[in-house]
Amino acid sequence: MPALPVGHLAGYYMDFATTRALMEFYEIPDKGVQDKHLDHPLNDWLAEKRKYTVLAGTIRHPSKGSDIVDGMLLVTQQVWYKNTTKRRAASLPPPAERDIDVRVKQWLISGGATEDKLEWLSILETYAVGLTRYGYRPTSNDVQGQPELTLDTRKLPDEAKPLVGDWVTQGMPDARTFFGDELYELMTADSSSS
């Protein structure tokens, strides 16, 4: 089986606060998703508007050394290399900002983003893995978010309260699975009905 192509994806990186402000300005509904999934409603909107030259993807900024997704990359350039390893692709020069990219930047600035919140950034990608898992252009997945769940840990019995720290340090996995049905129901019970 031939190796998947690798390449550079380049575009404008911004934090989630800037992303949400732009979505609000351009009336792009966030569909209730968490920040790390904002690429879905953005790509839905891009596909609906037939803006196929831009692909949205949430990423970890490569120079920040973080293990969590911390921002949005609006990809305006994709350079794919056939029969090239990721190591070899990394040694190739990343795409430079072009006039057509600057037009996208101007659109972002028109929506309220400030120049200091936009960074021209290039990342290495294996096709069909990260940002391109749904293809190389925006498609509509019509992802809907779940309503925010409020866990009231004050309702836990004292002996169960230390579990909260473990839950947070483990990245807050599914609360019902982690705490069990009985504790989960205690934390999510509507206090106004009791």
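Since the model is a prediction, treat every value here as computed from it, not as a measurement.
Note on ring orientation: taking the six-membered ring where Trp is involved, the planes of W107 and W45 are parallel (angle under 30°, cut-offs 30° and 60°).
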>> Pair D70, D15 - check side-chain contact (heavy atoms from CB on, under 4.5 Å), show working.
In response: CA-CA 7 Å; D70 57 13; D15 62 26; over 6 Å; no
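Looking only at distances, no side-chain donor or acceptor of Q77 sits under 3.5 Å from a matching main-chain atom of H8. Under the 3.5 Å distance criterion, the side-chain polar atoms of T58 are matched with a main-chain donor or acceptor of K36. A donor-acceptor pair is defined here as one N or O able to donate and one able to accept, closer than 3.5 Å; such a pair exists between the side chain of Y12 and the backbone of D101.
Counted within 6.0 Å of CZ on R98, heavy atoms from surrounding residues, nucleotides or ligands total more than 12; the atom is thus considered enclosed. Around atom CZ of R60, no more than 12 heavy atoms belonging to other residues, nucleotides or ligands sit under 6.0 Å away. Crowding of N83 atom CG: a count of heavy atoms from other residues, nucleotides or ligands under 6.0 Å not exceeding 12.
A distance of 8.0 Å separates CG of L121 from OH of Y13, quoted to the nearest 0.5 Å. Rounding to the nearest 0.5 Å gives a distance of 3.5 Å between NE2 of H61 and CD of E119. Here Q106 contributes atom CD and D99 contributes atom CG; the two are 11.0 Å apart, rounded to the nearest 0.5 Å. In this structure, CZ in R20 is found 6.5 Å from CE in M23, a value given to the nearest 0.5 Å.
At a threshold of 4.5 Å between non-hydrogen side-chain atoms, the residues P95 and T76 do not count as touching.
Using a 4.5 Å cut-off between side-chain heavy atoms of Ile, Leu, Val, Met, Phe, Trp and Tyr, with links allowed through other members, L124 and V69 fall into different hydrophobic clusters.
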